[in-house]
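Heads up: the structure comes next, in structure tokens.
We count residues from 1, following the sequence as given.
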Amino acid sequence: MDSLSVEIGRAVSRLAWGPPLRRLAHTYREQDEFLYCEEFLPAAVVERYLLPEVDRLRPNVHRSYIPGFKKGGAIGYRVLAEKAPDLLALYTEPTFVDFLCRLVGARVMPCPPDDPHAAALYFYTEPGDHMGFHYDTSYYEGARYTVLMGLIQRSTSCRLVAQLYRRDALREPRSLEIAYGPGSLVIFNGDRLWHAVTPLGEGEERVVLSMEYVTNPAMRPFQRFVSNMKDAIAYFGPSALFRRAPRREPPTT
């Protein structure tokens, strides 16, 4: 049976060289550093390798509600690193990171392992779960790029809404609404895309893997404080205030 690493390699090989990459990179630049890549990984691969980890992690979901801004659940990097090796394998897979570098035209790398946003799961599982409009503001010294992969999309109402060119004085803003399914990717510069997630309907479910990459992992003390407070209040709970590298569970024998 093929491994997840092999499946990722196949997916990258279809896109990362020659005309396919040039087309994707051109679209990314023309769309204000935004790209929707439908079915990067086949849905069957997502179901085989990634969904079992999603289901196993459900007891670890931390739910938060901020009136007027967000409602939903999240699991941060530390838990994924300890309990979800396949989800983390995708995030750190060298061929995938190299593909992103070629696509965005910058040398990017995974975030430091004490950042709960480095790779995280977002759960929209209760009616009304949503996310208000925001930028994925970088508190790092360098730029931060967001990669979203659809894992579960059993909803007709819960979608990513994005506004392109909002910070471009020379272009008219353009709105997009995307319901990206299992294995599809959304890639964008976090400081440029104004985006939100529309409310979940009754009996629906949406789960997304978010992966963050940076050009410079340095962060000043005040920015670190602001980032920690935001993570604790809006996403991962008080444990986010105590940033530390995650430990991995010992392999079972």
Side-chain angles (χ1 to χ4, degrees), residues 8 11-12 14-16 20-21 23-47 50-51 54 69-74 87 90-91 96 99-100 103-104 108 117 119-137 144-168 171-213 235:
I8 295 170
V12 169
R14 293 196 300 268
L15 303 176
L21 178 62
R23 286 194 296 269
L24 292 176
H26 175 76
T27 301
Y28 174 81
R29 292 190 300 271
E30 284 297 303
Q31 293 188 152
D32 201 20
E33 298 188 67
F34 170 89
L35 180 70
Y36 171 49
C37 183
E38 188 173 7
E39 201 180 82
F40 172 78
L41 284 179
V45 173
V46 173
E47 183 175 1
L50 304 182
L51 292 192
V54 171
F69 180 61
K70 76 172 292 286
K71 176 176 174 284
L87 288 167
L90 172 63
Y91 176 54
F96 183 63
F99 163 65
L100 293 176
L103 177 72
V104 306
V108 302
H117 269 288
L121 288 173
Y122 294 104
F123 288 75
Y124 302 83
T125 54
E126 296 183 2
D129 281 358
H130 69 285
M131 174 69 74
F133 274 101
H134 65 288
Y135 293 103
D136 285 357
T137 302
R144 186 173 79 168
Y145 297 85
T146 298
V147 179
L148 304 175
M149 173 174 280
L151 298 175
I152 297 173
Q153 179 66 42
R154 302 186 188 116
S155 173
T156 58
S157 58
C158 192
R159 297 169 180 264
L160 175 72
V161 180
Q163 191 174 89
L164 309 185
Y165 315 120
R166 193 168 189 266
R167 289 182 165 174
D168 188 339
R171 304 192 68 166
E172 192 73 21
R174 174 188 167 196
S175 294
L176 299 174
E177 190 169 308
I178 302 171
Y180 49 100
S184 296
L185 293 182
V186 175
I187 305 167
F188 57 90
N189 183 325
D191 285 319
R192 297 197 63 83
L193 188 71
W194 185 242
H195 60 289
V197 177
T198 54
L200 190 77
E202 188 76 37
E204 297 182 336
E205 181 180 33
R206 179 176 184 264
V207 181
V208 173
L209 173 65
S210 173
M211 300 174 283
E212 305 284 353
Y213 298 86
Y235 296 98

task: Indicate yes or no: at least one non-hydrogen side-chain atom of L148 is less than 4.5 angstrom from one of Y180.
output: yes
- request: Rounded to the nearest 0.5 Å, what's the gap from CZ on R14 to CG on L21? Could you check?
  value: 14.0 Å
- prompt: For G132 and A196, which heavy atoms make the closest approach, and how far apart are they?
  reply: C-CB, 3.6 Å
- prompt: Of the non-hydrogen atoms in Y213 and V108, which two are nearest, and what is the gap between them?
  reply: CB-CB, 4.0 Å
- request: Identify the two heavy atoms, one from T146 and one from S210, that lie closest to each other, and give their separation to 0.1 Å.
  value: CG2-OG, 4.2 Å
message: Check the orientation of F69 and H134. Use parallel for under 30°, tilted for 30 to 60°, and perpendicular for over 60°.
response: perpendicular
For residues 36-47, run the donor-acceptor check on the side chains, cut-off 3.5 Å, and write out each pair with its distance to 0.1 Å, sequence neighbours left out.
none

task: Taking all heavy atoms of D129 and all of F123, pick out the closest pair and write down the distance.
output: OD2-O, 3.9 Å
- request: Measure the spacing between CE of M149 and CG of L121 and express it to the nearest 0.5 Å.
  value: 12.0 Å
field: Option passing side chain to side chain contact (heavy atoms under 4.5 Å, CB included) with L209 (candidates L90, V147, L50)
entry: L90
query: More than 12 non-hydrogen atoms from neighbouring residues, nucleotides or ligands closer than 6.0 Å to CD on E202, yes or no?
result: no
statement: Sequence neighbours excluded, the answer for side chain to side chain contact (heavy atoms under 4.5 Å, CB included) partners of H130 is K71, P199
statement: Here the gap from K70 atom NZ to Y124 atom OH, rounded to the nearest 0.5 Å, amounts to 7.5 Å
field: Residues that D136 engages under salt bridge (Lys or Arg N to Asp or Glu O under 4.0 Å), provided they are two or more places apart
entry: none
statement: The side chain to side chain donor-acceptor pair (under 3.5 Å) partners of R154 (sequence neighbours excluded) come to E205
- prompt: Quick one: CD on E33 to CG on L103, what's the gap to the nearest 0.5 Å?
  reply: 10.0 Å
- prompt: Is any side-chain heavy atom of R144 less than 4.5 Å from a side-chain heavy atom of D191?
  reply: no
- request: Please tell me if the side chains of R171 and D32 come closer than 4.5 Å, counting only heavy atoms from C-beta onward.
  value: no
query: Is the backbone N or O of C158 less than 3.5 Å from a side-chain atom of Q153, with the two atoms forming a donor-acceptor pair by type?
result: yes
query: From F133 CZ over to Q163 CD, what is the distance, rounded to the nearest 0.5 angstrom?
result: 6.5 Å
- prompt: Is the shortest heavy-atom distance from the side chain of V208 to the side chain of V197 under 4.5 Å?
  reply: no
statement: For R167, the side chain to side chain donor-acceptor pair (under 3.5 Å) test, sequence neighbours excluded, returns Y135
- request: Could you pull out all residues at least two apart from F34 that satisfy ring pair (Phe, Tyr, Trp, His ring centres under 6.0 Å)?
  value: none
task: Check whether any side-chain N or O of R166 sits under 3.5 Å from a backbone N or O of R192 as a donor-acceptor pair, and report yes or no.
output: no
- request: Grab the two heavy atoms, one from Y235 and one from A74, that are nearest each other, plus how far apart they are.
  value: O-CB, 3.7 Å
task: Give the C-alpha distance, both sets of side-chain angles, the deciding distance and a yes or no for side chain to side chain contact (heavy atoms under 4.5 Å, CB included) between L185 and F96.
output: CA-CA 12 Å; L185 293 182; F96 183 63; 3.9 Å; yes
- prompt: Is the closest side-chain heavy-atom distance between L164 and L193 below 4.5 Å?
  reply: yes
task: Report yes if the side chains of Y28 and V104 come closer than 4.5 Å at any heavy-atom pair, otherwise no.
output: yes
- prompt: Does Y122 reach the side chain of M131, with side-chain heavy atoms less than 4.5 Å apart?
  reply: no
- prompt: In Å, rounded to the nearest 0.5 Å, how long is the span from CG of L151 to CZ of R206?
  reply: 10.0 Å
